[in-house]
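One structure is given below, encoded as structure tokens.
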Amino acid sequence: MTDLAVPLATVVSTLALGVGGAVLLTVGSWRTALRVLLDLLVAAGLLRLAGGPGWPALASAVAVVVLRRMLWSGLAPASPAAPPTTDPPAWVSRAHPHRGQQGTNRM
């Protein structure tokens, strides 16, 4: 497995660019394409780490994971604002529910 992990990591790294480009062209969202690319690069880094456990492999895997986390937090869409709240009318007529207290004029 050790002999196969390093070439497989190189293949996954190369395919990550192609898949990221394909996602960008098909989905049209560069954020989604970047997320797919970074996930595949994390997978390639972990494969490389499995192939040759050394400091350079560990440093590259950590760098990709840290980059991924920083970009995901920076690219995350802002949480939607809470919708404005309005106080319900104090009294609503059953005969005319669309009217509030203002529509209670009697003849």
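Since the structure is predicted, the reported quantities are computational estimates derived from the model, not experimental observations.
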Going only through I, L, V, M, F, W and Y residues with side-chain contacts under 4.5 Å, is there a path from Met70 to Val62?
yes
Count I, L, V, M, F, W, Y as connected when their side-chain heavy atoms are under 4.5 Å apart, and connections chain through other members. Are Leu67 and Val65 then in the same cluster?
yes
For Val19, the hydrophobic cluster (side chain heavy atoms closer than 4.5 Å, chained through members) also holds Val23, Val27, Val36, Leu40
Write down the atom of Ala16, the atom of Leu41, and the distance for their closest heavy-atom approach.
CB-CD2, 4.1 Å
If you look at every heavy atom in Ala44 and Ser13, which pair is closest and at what distance?
CB-OG, 3.2 Å
Leu8 CG to Arg48 CZ distance, which is reported to the nearest 0.5 Å:
10.0 Å
Calculate, to the nearest 0.5 Å, the distance between atoms CG and OG1 belonging to Leu37 and Thr32 respectively.
12.5 Å
Evaluate the side-chain contact (heavy atoms from CB on, under 4.5 Å) criterion for residues Val42 and Leu38: first the C-alpha distance (whole Å), next the side-chain angles of each, then the deciding distance (0.1 Å), finally the verdict.
CA-CA 6 Å; Val42 167; Leu38 289 174; 5.5 Å; no
